[in-house]
Amino acid sequence: MRSIADLGDLRGKRVLVRSDLNVPLDGSTITDDGRIRASVPTITALSGAGARVVVCAHLGRPKGAPEDRYSLRPVADRLGELLGRDVTFATDTVGESARAAVDAAQDGDVVLLENLRFNPGETAKTDEERAEFARSLAGLADAYVSDGFGVVHRKQASVYDVARLLPAAVGGLVETEVGVLRRLTEDPERPYAVVLGGAKVSDKLGVIDNLLQTADRLLIGGGMVFTFLKAQDYEVGTSLLEADQVETVKGYLDQARERGVEIVLPVDVVAATAFSADADHEVVPAGAIPADRMGLDIGPESGVLFAEKLKDCRTVFWNGPMGAFEMEPYAAGTAAVAEALVGLTRDGALTVVGGGDSAAAVRQLGFSDDQFGHISTGGGASLEYLEGKELPGLTVLDEQETQEDAG
Ligand code: 3PG
Ligand code: MG
């Protein structure tokens, strides 16, 4: 893949950068600006090289039309603060406002376009519709830099199609992220453990399949763990359960046994009467969740057990919180895993936290980024990478280089 340096002298050139600025918002307040901060170095580098930087990004999942609550305006303000320079915000993506902002930009200036997904072409299923929107985007620039790691698994106009229309390069954030994930897939230092949480097993099937070939230990918590407990014929009360996945999970447990992969499940659970911080809750054995209660976190003994199982690991990947950490009574399990990873990082192990939610979780619990080896900005993207899937946003950059080598 070509790096930014391979694009040559950028002075006076308009460079379209695809960043992932999809941050959690409470109204118009950004509750975790991790992705914006992660996007700053590439934008600064381009601006410093004299480029006219045109940043494009999405926020949330609007359905191809403008919606106020998904506007990137608050992000433009925060980006400006972090860059220490004004960011011109275009109130559309490829329309009059965007064209005017790009035309007015001087060398080193930064423009942020409004949410890409306000345009149906961005996420269109047909190649033709996406290509048409990609042509409008390409019309705003002389070169393209792919820096939105969190979206490289999406075959979308600003990630995939536009990279075929302009001289394209990979940004530093994507380079770093891929470099770290490569260390997990190519000969990781062992023992290699993966901690998985989050709501749904069905989102993680592919990656579990793959991890059963590569990891030494799989620690499971979060909402998805109840399908694992059910697969062991445990009563799970009113906990999240994907009944249609129980058989698949039983298959995983068998496969793990055959392959000598240790699957670690919680031994106790915080069980509550409702999904609420004030609900009555108690710690119960994982095999004895009362019929009228739901598990909302792994219990304290499980926290100790998980830390114990991580202690000798040299490589750990973690995706997904262990419980409903946003509510204080159910945050201890996630904090216990974070604490264990912090210790391992100090001892020189490679620890990787994957995904917007997990990253937000550790920050919300008061940990800082530098206590971990790497905090990935991409959840889905990092899981698909570990799954061994082709990521369209990366493949397209490889393809482009190959074509140029041939031509
Ligand atoms: C994310 O938050 O997962 C990335 O920004 C990608 O967004 P998406 O899942 O809506 O495509
Ligand atoms: Mg996602």
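Counting starts at 1 for both ligands and their atoms, in listed order. Computed from heavy atoms alone, side chains included, the values below leave out hydrogens, waters and symmetry copies. This structure is a prediction, so every number in the text was calculated from the model and none was measured. Residue numbers run from 1 in the order of the sequence given.
- With ligand atoms numbered from 1 in the order given, ligand 1 contributes 7 (O), 8 (P), 10 (O), 11 (O) to contacts under 4.0 Å with heavy atoms of R117.
- Heavy atoms of H58 approach ligand 1 to within less than 4.0 angstrom.
- Ligand 1 has no nitrogen or oxygen under 3.5 angstrom from a nitrogen or oxygen of Q156.
- Salt-bridge annotation for E262 and R217: present, with a side-chain N of the basic residue lying under 4.0 Å from a carboxylate O of the acidic one.
- Around atom 10 (O) of ligand 1, the closest heavy atom drawn from R61, H153, R154 belongs to R61.
- Which parts of ligand 1 touch V151 is read off a 4.0 Å heavy-atom cut-off, strictly below it: atoms 6 (C).
- Taking a cut-off of under 4.0 Å to the non-hydrogen atoms of G150, the atoms of ligand 1 that pass are 4 (C), 6 (C).
- Less than 4.0 angstrom separates some heavy atom of D20 from each of these atoms of ligand 1: 4 (C), 5 (O).
- A donor and an acceptor atom, one from each side chain of N119 and T93, are located under 3.5 Å apart.
- Under the side chain to side chain donor-acceptor pair (under 3.5 Å) criterion, K204 pairs with N319, sequence neighbours left out.
- Between the side chains of S71 and E114, at least one donor-acceptor pair of N or O atoms lies under 3.5 Å.
- Atom numbering of ligand 1 starts at 1 in the shown order; those under 4.0 Å from a heavy atom of N22 are 1 (C), 2 (O), 4 (C), 5 (O), 7 (O).
- A salt bridge links R293 and D280; the closest N-O separation between the charged side-chain nitrogens and carboxylate oxygens is under 4.0 Å.
- Side-chain N or O atoms of S302 include none that pairs as donor or acceptor with a backbone N or O of P266 at under 3.5 Å.
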